[in-house]
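Let me begin by presenting the structure, written as structure tokens, before commenting on it.
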Protein chains: 4
Amino acid sequence: MFHQFRSDYIELADSRILKALAKYSLEQNIPYGFDYHTENASKYILDTFGSSKGKVFFLEGGTQTNLVFISYCLRHYEGVIAADTGHINVHESAAIEGSGYKILTVPNHNGKIIPQDILKVLESNNDVHTVKPRMIYISNSTELGTIYSKKELEELYAFAKEQNLYFFIDGARLGSALTSKENDLDKKDLGRLCDAFYVGGTKNGLLFGEALVINNPELQADFYNHIKNKGAMLAKGYALGIQFEEAFRDGLYFELASHANEMASLIIEGLKELGLKPLPSPTNQIFISFPRKISLNLIDTFGLEKWIDNEEEIVVRIVTSFSTKREDVEDLLRYIKNLL
Amino acid sequence: MFHQFRSDYIELADSRILKALAKYSLEQNIPYGFDYHTENASKYILDTFGSSKGKVFFLEGGTQTNLVFISYCLRHYEGVIAADTGHINVHESAAIEGSGYKILTVPNHNGKIIPQDILKVLESNNDVHTVKPRMIYISNSTELGTIYSKKELEELYAFAKEQNLYFFIDGARLGSALTSKENDLDKKDLGRLCDAFYVGGTKNGLLFGEALVINNPELQADFYNHIKNKGAMLAKGYALGIQFEEAFRDGLYFELASHANEMASLIIEGLKELGLKPLPSPTNQIFISFPRKISLNLIDTFGLEKWIDNEEEIVVRIVTSFSTKREDVEDLLRYIKNLL
Amino acid sequence: MFHQFRSDYIELADSRILKALAKYSLEQNIPYGFDYHTENASKYILDTFGSSKGKVFFLEGGTQTNLVFISYCLRHYEGVIAADTGHINVHESAAIEGSGYKILTVPNHNGKIIPQDILKVLESNNDVHTVKPRMIYISNSTELGTIYSKKELEELYAFAKEQNLYFFIDGARLGSALTSKENDLDKKDLGRLCDAFYVGGTKNGLLFGEALVINNPELQADFYNHIKNKGAMLAKGYALGIQFEEAFRDGLYFELASHANEMASLIIEGLKELGLKPLPSPTNQIFISFPRKISLNLIDTFGLEKWIDNEEEIVVRIVTSFSTKREDVEDLLRYIKNLL
Amino acid sequence: MFHQFRSDYIELADSRILKALAKYSLEQNIPYGFDYHTENASKYILDTFGSSKGKVFFLEGGTQTNLVFISYCLRHYEGVIAADTGHINVHESAAIEGSGYKILTVPNHNGKIIPQDILKVLESNNDVHTVKPRMIYISNSTELGTIYSKKELEELYAFAKEQNLYFFIDGARLGSALTSKENDLDKKDLGRLCDAFYVGGTKNGLLFGEALVINNPELQADFYNHIKNKGAMLAKGYALGIQFEEAFRDGLYFELASHANEMASLIIEGLKELGLKPLPSPTNQIFISFPRKISLNLIDTFGLEKWIDNEEEIVVRIVTSFSTKREDVEDLLRYIKNLL
């Protein structure tokens with residue numbers, strides 16, 4: 001059976017993560033995230049991302065992190081602005097609305113959003129009968145694998161502050177974004193260019209877990225109560241602490257992301273050599289359109305996800321991960337070549 | 001001061017409604033809607049609309065009725081489909097999402113929606129990670145004053161049943177829709193072509209109140225508990241019963257609506273005689289675009305609502321009501337003529 | 001048929017209220033509560049209760065007012081403290097919890113609560129795994145018809161401030177409390193001894209409506225958005241404004257309450273003359289225990305509500321209202337005398 | 001430093017659990033719980049507990065499982081009945097009410113509840129103004145370490161069915177209950193004596209995870225959508241599957257629980273030999289009262305939790321786990337002996 005390129009969360013974890021867990025298997029720790037591993041992990045993360053006044057809260061998954069943070073920031077008459085392709089809008093089974101908060105969508109530009117479009121939403125939602133926009137939500141990298149430049153982030157954050165909106169970055173694939181060849185963000189920009197962001201572990205070689213960094217001190221009070229209230233507090237919080245401590249102690253987190261990106265680059269180069277045209281994506285998700293028959297074959301053989309079904313053609317998604325090997329890439333490219 | 005054409009809920013109530021209330025002012029009644037006036041009103045309404053297995057529940061306002069009924073029908077992982085211009089989507093301060101339910105929008109065609117567009121929403125929301133569509137919501141008349149034909153309603157309801165979706169009609173302006181010259185619906189079609197609909201009182205000469213008719217017996221159990229739980233049960237429920245009893249005893253409801261439509265027709269004719277082109281609307285809401293300066297003048301003088309601001313031109317809304325008089329229409333037309 | 005003593009909301013309204021509505025029946029007003037009647041009513045109310053920084057928001061019913069205000073003040077990890085007999089705890093079909101907020105109960109002392117009991121709740125709810133107490137809710141008069149003295153209110157409010165809790169007074173029957181012979185509160189104490197209170201119209205001769213007075217300026221921002229979001233904004237807000245304008249223009253509100261209290265006093269005196277022992281209540285609700293057979297007879301004949309069923313005996317509730325007449329009281333007492 | 005007896009979730013996991021995870025670390029699996037490990041684990045569990053029509057859903061923690069299941073079963077006007085000491089009532093930061101559901105409490109009898117008390121709640125919550133009771137929630141073992149006998153469970157379930165209430169068992173410590181010396185339940189009784197129960201992994205040697213078994217087929221539809229909607233779906237669902245597969249493949253789950261119970265028994269015997277009187281508990285939680293000074297010392301030295309502070313005396317909780325050793329018990333007893 002071939003290596004599957006379905007997604008970046010179909011293998012448990014990098015061996016170093018599992019070894020760290022094994023190392024502390026019988027160590028007794030204070031539960032609920034008040035242990036020293038969690039404290040260490042927090043320090044590493046705040047330092048890495050330059051968040052001088054930030055606090056880190058560890059959660060179990062991406063949808064949960066979005067739900068917990070957005071529901072903390074908003075009142076029920078307030079809304080969050082997101083790309084129409086945003087994860088919270090299309091892939092979370094209405095977790096945000098189910099908790100009581102409206103999502104206001106703006107058109108995406110290769111997965112990204114811009115102030116001009118947001119301004120229109122603000123202009124048409126400005127009285128007592130409309131929802132009150134209160135937050136901008138973006139992902140980096142985006143649902144389409146693209147990334148925000150430093151200039152784009154600076155503009156969005158300046159705009160958000162000007163309009164009294166919170167600015168929140170979903171970093172389920174932040175590692176991939178920051179280690180992309182095209183990235184011009186400094187890691188420390190994350191600590192200064194948003195109210196909060198999260199550092200995805202699940203999609204970057206950890207067993208599970210996301211580290212939510214709340215830069216804005218006004219959004220930190222009672223946050224543990226809120227987490228517990230949403231059923232999102234892990235009893236063995238140190239299981240998250242140990243993983244992130246290991247991932248951020250000496251750069252493992254970025255090594256793993258960088259590897260996945262490198263494997264994706266090899267695939268893109270290979271596809272181009274075959275005369276094919278993958279959509280522009282500098283991270284570990286590749287989107288490419290094939291004739292229907294070929295796409296269905298690849299979906300079947302490599303577990304790819306069908307992204308857009310245009311009848312004649314189908315856009316599929318190819319995802320690399322920390323565990324993808326050079327041989328896996330070669331197998332894939334050879335297989336595609338034979339199909340053409 | 002000129003008669004204001006701002007909306008159809010800027011005068012308290014038709015005199016017959018207030019007289020009915022005065023008549024029973026000191027009569028002692030069972031509270032919470034379990035009185036004989038409410039029972040009478042229910043019978044009149046079920047009979048008028050041919051709802052043989054229906055039950056009627058009286059509520060205080062339109063947004064409240066939408067909130068109460070939609071929240072009853074859906075689970076939090078389910079969503080309701082509406083026009084992008086739908087009242088629940090743009091004019092209810094996120095009351096639906098605030099209660100925990102996602103709205104899935106489809107493009108409107110003069111305020112109306114069609115099965116083909118809904119089908120696309122169903123196709124892209126069909127797995128465990130997306131919201132599960134469960135209801136279609138329309139308004140008749142629509143936010144743009146247009147109305148559904150019998151054929152259009154039949155197609156939507158057939159489609160809804162085929163797709164296992166509830167079909168709910170917001171009838172805040174149902175009177176105006178059913179007494180429109182262009183209407184081809186029989187009143188009794190309401191009892192057979194949807195799971196539920198409501199009969200708007202607030203916008204048709206009652207002091208306040210909407211009569212929600214639930215045709216589908218599967219959606220009636222514990223409904224009083226649900227109303228109370230949402231803070232929507234009026235202690236003096238008979239205050240609603242008395243009004244709807246009076247409105248439906250001998251046709252007052254439709255008289256009032258018919259009058260408003262007639263006044264609107266006069267305005268439309270008058271506008272056309274002036275060479276102007278109001279948008280097509282056969283009910284009591286008229287939409288028309290004027291040069292900026294004229295619109296602003298009319299907004300100021302007649303309390304019109306600004307609908308769309310296209311910089312050069314502004315679309316305004318002119319609304320007639322049970323209390324609009326022929327002289328008021330003449331004043332308005334004369335004033336506009338002088339502006340041109 | 002005898003006058004019914006079931007409750008104080010079984011007659012529509014005092015004639016002066018209905019006349020005021022009739023007077024303005026065709027006057028055109030700005031909707032949603034932004035009209036001059038509402039403004040007048042607000043001024044009268046703020047002045048009456050000495051609320052110098054307060055704002056008044058008019059709502060349709062008591063449960064709705066509790067739901068709207070409590071849900072505004074609390075986050076979902078916070079709770080509201082109430083008497084075990086409190087209206088929000090036992091008579092609102094879980095409207096508060098249904099909106100997402102826990103009620104923490106304390107034992108009642110004749111319907112009232114005291115700081116010592118609240119302190120115990122605070123002591124056992126003080127970590128991240130418990131709900132965070134954030135508000136004290138009382139009713140005046142209480143569910144048992146009793147009233148708070150000035151000293152009791154002062155102690156509760158001082159305690160609330162000391163413990164960083166909001167203090168909210170449900171005044172569904174505030175008129176009856178303030179016009180009770182035993183009352184030692186000044187009306188203006190309401191404006192200084194709580195964060196918010198409401199002035200009940202429904203149970204005191206208005207057609208419907210409650211005036212929520214928010215004394216604390218920190219709890220006023222975006223309150224209209226919140227009302228709309230809960231489906232609680234009346235389109236014809238001026239229908240509430242007109243009623244409260246009339247009720248507070250020249251003291252009608254307290255006249256009506258005073259009358260109901262007077263009728264209740266007559267009943268209590270009459271009962272005592274018959275050698276009976278009604279529970280202590282200085283307002284318009286009387287609670288008294290009779291042998292089972294007598295209670296059932298009275299329930300049947302005068303529409304009384306069964307309050308506590310102790311098998312041998314049944315406690316019933318007798319309620320007077322603005323419309324109870326001296327003859328009605330005499331009829332009741334004569335009837336009871338004959339039963340003994 | 002001494003072994004800590006603070007709780008049964010202060011060590012990561014039994015070594016066999018971690019080895020199983022390590023074994024499959026790079027295996028590629030279908031995400032979200034649709035993998036073969038999860039399928040195997042489900043089969044083992046359904047078989048173990050005799051749930052012929054059941055389905056198993058794996059979640060991350062206890063509070064989350066309670067929140068997800070209770071919110072699935074109830075409408076917002078319905079309530080769940082629990083002991084006043086119930087975990088959902090006092091230790092979940094209002095997660096149930098925060099999601100919109102009222103908890104109705106009954107007095108506990110050594111942590112357990114009985115039909116007679118529940119009946120009183122039903123009798124006083126039976127109209128449109130009260131919450132509608134819809135579910136009974138118990139824990140086995142209870143918050144006080146006690147367990148339900150077969151007869152007690154049978155009576156509760158029969159009562160629940162008779163009253164049209166769902167019956168749900170929180171099994172955060174189900175292993176400890178079922179392997180208690182005093183237990184007379186057959187494992188297969190769980191599959192027939194309730195609508196649903198969960199099998200706690202977190203408190204019994206797994207890294208994390210709870211297996212929710214829904215016996216009642218009427219409560220299974222769309223459950224995955226609901227889980228996702230609550231932010232509770234683990235992307236790497238197979239991380240839960242692998243653990244429960246290992247725990248139930250050959251009885252490890254009960255071995256671990258049995259060991260913890262055995263250690264607790266040793267402690268109880270030792271305490272009794274010292275002339276002390278621990279509260280009756282046949283599972284891995286021991287409650288015992290000491291003079292204030294001794295309790296504070298033990299809290300400090302062994303990380304015990306303070307349970308009840310009676311000023312003169314303090315009741316502390318001693319908890320054993322899969323990792324507690326005979327020597328740890330001996331250390332504890334020796335230390336206590338020296339304190340006396």
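So you know, we letter chains A, B, ... as the sequences are listed, proteins then strands, and number each from 1. None of the values given here were measured: they were computed from a predicted structure. Basis for what follows: all heavy atoms, side chains included, without hydrogens, waters or symmetry-related copies.
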Are [X] and [Y] close enough that some pair of their side-chain heavy atoms sits under 4.5 Å apart?
X	Y	value
T202(D)	K236(A)	yes
L21(A)	L21(D)	no
L26(A)	F322(D)	yes

Looking at [options], which makes the most heavy-atom pairs under 4.5 Å with chain A?
options	result
E11(D), R6(D), E97(D), K19(D)	E11(D)
V68(D), N229(D), T63(D)	N229(D)
S323(D), G303(D), A13(D)	A13(D)
Q64(D), M233(D), Q28(D)	Q28(D)
A235(D), G62(D), G100(D)	A235(D)

Report which part of [X] has an atom under 4.5 Å of a heavy atom belonging to chain A: side chain, backbone, both, or neither.
X	answer
L240(D)	neither
H3(D)	both
E27(D)	backbone
L207(D)	both
I242(D)	side chain

Rounded distance (nearest 0.5 Å) linking atom CD of Q4(A) with atom CG of N29(D)
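Q4(A) atom CD to N29(D) atom CG measures 10.5 Å (nearest 0.5 Å).
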
Please report the interatomic distance NZ(K228(A)) to NE2(H91(D)), rounded to the nearest 0.5 Å.
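One gets 8.5 Å once the value is rounded to the nearest 0.5 Å.
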
Can you confirm whether the side chains of Y9(A) and Y32(D) place a donor and an acceptor under 3.5 Å from each other?
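On atom types as modelled, these side chains qualify, holding a pair under 3.5 Å.
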
Which atom pair, heavy atoms only, marks the closest approach of [X] to [Y]?
X	Y	result
G231(A)	L67(D)	N-CD1, 3.9 Å
L18(D)	S25(A)	CD1-CB, 3.1 Å
Y24(D)	L12(A)	O-CD1, 3.7 Å

